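Everything on this sheet refers to the single structure shown next.
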Amino acid sequence: MREVQAKEAITWWHRPERIVLAVTVDLNGQPNIIALGWKMRTSFDPLMLAISIGKTRHSHQLISNCREFVLAVPGADLSEQVLFIGTHSGKNVDKFKTTHLTPLPAKHIRPPLIQECLVNHECKVVGQLDTGDHTIFVGEVLTSWAADTKQPVLCSIGTEAGYQCTHEGFGFRLGVVRN
Ligand SMILES: Cc1cc2nc3c(=O)[nH]c(=O)nc-3n(C[C@H](O)[C@H](O)[C@H](O)COP(=O)(O)O)c2cc1C
């Protein structure tokens with residue numbers, strides 16, 4: 001072994017990672033979407049999901065206030081929209097309008113579902129942890145929705161074998177497991 005910078009060591013294993021979208025709302029009910037690679041399941045029963053959001057993100061302010069979020073899982077057909085969502089801030093742009101994604105009313109919370117996604121989980125924030133420049137928000141899943149269509153989930157990839165790039169830009173490559 002040779003000692004290396006932590007940032008270099010991370011690049012050896014952190015990709016591929018599945019990408020999710022988190023939807024929140026502002027005080028007026030205006031929804032916003034963020035793309036996230038940093039997420040995990042933290043409990044089976046009740047089902048809980050954690051997401052890590054940078055403190056400078058518009059979504060950080062929104063989720064800190066509204067304490068609810070939809071965690072939506074995009075398929076490969078949404079590569080272009082996901083890249084846009086992950087590289088533009090809701091401070092400056094209405095991401096539902098620009099990406100032509102369709103907000104659907106949720107059953108228990110204010111943030112809307114995303115119709116075009118494969119799965120939507122309605123979550124209420126039950127805990128949060130300050131971790132450096134990000135905050136981990138833990139959401140308890142209140143109810144979940146699944147689309148009838150099946151297609152590969154979207155990953156953030158590097159240049160490793162076994163993955164097909166579906167869209168790239170701004171230093172990101174999005175793709176799916178190669179058939
Ligand atoms: C593939 C991908 C993965 C990302 N993962 C995260 C993440 O896990 N946490 C985070 O805070 N930002 C992540 N981002 C960056 C945010 O999505 C981005 O800064 C976004 O513009 C923030 O939007 P907002 O200001 O409307 O909240 C990711 C972006 C991309 C493209």
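The structure presented is a predicted model; accordingly, all values stated were derived computationally and were not measured. Whatever order the structure lists ligands and atoms in, that order sets their numbers, starting from 1.
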**OP:** Decide whether Ile63 and Val25 are clustered together by the hydrophobic rule: side chain heavy atoms of Ile, Leu, Val, Met, Phe, Trp, Tyr closer than 4.5 Å, transitively.
**Re:** no

Original post:
Under 4.0 angstrom from ligand 1, any heavy atom of Lys91?
Top reply: no

**OP:** Look at atom 10 (C) of ligand 1 and say which protein heavy atom is nearest, naming residue and atom and giving the distance to 0.1 Å.
**Re:** Arg57 NE, 3.5 Å

Original post:
With sequence neighbours left out, which residue pairs that include part of residues 155-177 fulfil the ring-ring contact (aromatic ring centres under 6.0 Å, His included) condition?
Top reply: His88-Phe170

Original post:
Going by an N to O cut-off under 4.0 Å, is there a salt bridge joining Arg173 and Glu160?
Top reply: no

Subject >> Sub-3.5 Å N/O-N/O distance, Leu174 and ligand 1 >> reply: no

Original post:
So is Leu83 polar-close to ligand 1, meaning N/O to N/O under 3.5 Å?
Top reply: no

Subject >> Residue that, paired with Ile33, satisfies side-chain contact (heavy atoms from CB on, under 4.5 Å) out of Val70, Thr24, Ile114 >> reply: Ile114

Subject >> atom 1 (C) of ligand 1 [closest protein heavy-atom partner, distance rounded to 0.1 Å] >> reply: Ile19 CD1, 3.6 Å

Original post:
For ligand 1, is there an N or O atom under 3.5 Å from any N or O atom of Ser59?
Top reply: yes

Original post:
What atoms of ligand 1 come closer than 4.0 angstrom to any heavy atom of His58?
Top reply: 24 (P), 25 (O), 26 (O), 27 (O)

Subject >> Connected via hydrophobic side-chain network under 4.5 Å: Leu21 and Leu104 >> reply: yes

**OP:** Indicate if Phe96 and Val20 have the same hydrophobic cluster label, given that clusters are the connected sets of ILVMFWY residues with side-chain heavy-atom separations under 4.5 angstrom.
**Re:** no

**OP:** Distance to 0.1 Å, residue and atom name: give those for the protein heavy atom nearest to atom 25 (O) of ligand 1.
**Re:** Ser89 OG, 2.7 Å

Original post:
Which residue supplies the protein heavy atom nearest to atom 7 (C) of ligand 1, what is that atom called, and how far is it?
Top reply: Leu36 CD2, 3.5 Å

Subject >> Interfacing atoms of ligand 1 (cut-off 4.0 Å, heavy-atom, Gly90) >> reply: 24 (P), 25 (O), 26 (O)

Original post:
Against heavy atoms of Ile53, which atoms of ligand 1 measure under 4.0 Å?
Top reply: 11 (O)

Original post:
In the protein, which heavy atom is nearest to atom 2 (C) of ligand 1, and how far is it?
Top reply: Phe172 CE2, 3.7 Å

Original post:
Under 4.0 Å from any heavy atom of Asn32, which atoms of ligand 1 are there?
Top reply: 24 (P), 26 (O), 27 (O)

**OP:** Ignoring hydrogens and angles, state whether a donor on the side chain of Asp94 or Gln30 is under 3.5 Å from an acceptor on the partner side chain.
**Re:** yes

Subject >> Location of contacts on His134 toward ligand 1, heavy atoms closer than 4.0 Å >> reply: side chain

**OP:** Run the numbers for me: atoms of ligand 1, each under 4.0 Å from some heavy atom of Gly54, listed by number.
**Re:** 10 (C), 11 (O)

**OP:** Answer yes or no for Ile85: is there a heavy-atom contact with ligand 1 below 4.0 Å?
**Re:** yes

Return all side-chain donor-acceptor pairs below 3.5 angstrom for residues 133-150, not counting sequence neighbours, or 'none' if the list is empty.
from   : atom 1 : to     : atom 2 : distance (Å)
Thr135 : OG1    : His60  : NE2    : 2.7
Ser144 : OG     : His121 : ND1    : 2.8
Trp145 : NE1    : Glu122 : OE2    : 2.9

Original post:
Do Lys124 and Glu68 meet the salt-bridge criterion of a basic N to acidic O distance under 4.0 Å?
Top reply: no

**OP:** Answer yes or no: is there a side-chain heavy-atom contact under 4.5 Å between Ile10 and Lys7?
**Re:** no

**OP:** Considering only non-hydrogen protein atoms, determine which one is nearest to atom 29 (C) of ligand 1 and report residue, atom name and distance to 0.1 Å.
**Re:** Gly86 O, 3.4 Å

Original post:
With the 4.5 Å side-chain cut-off for hydrophobic clustering, are Val23 and Leu118 part of the same group?
Top reply: no

Subject >> Shortest non-hydrogen contact between Ser156 and Arg15, atoms and distance >> reply: OG-NE, 3.1 Å

Original post:
Looking at atom 4 (C) of ligand 1, what's its closest protein heavy atom, distance included?
Top reply: Ala35 O, 3.4 Å

Subject >> Sub-4.0 Å heavy-atom contact, Lys95 with ligand 1 >> reply: yes

Subject >> Identity and distance of the protein heavy atom lying nearest atom 3 (C) of ligand 1 >> reply: Gly37 N, 3.7 Å

Original post:
Going only through I, L, V, M, F, W and Y residues with side-chain contacts under 4.5 Å, is there a path from Val177 to Leu154?
Top reply: no

Original post:
Taking only heavy atoms of Ser52, which atoms of ligand 1 are found under 4.0 Å from at least one of them?
Top reply: 7 (C), 8 (O), 9 (N), 10 (C), 11 (O)

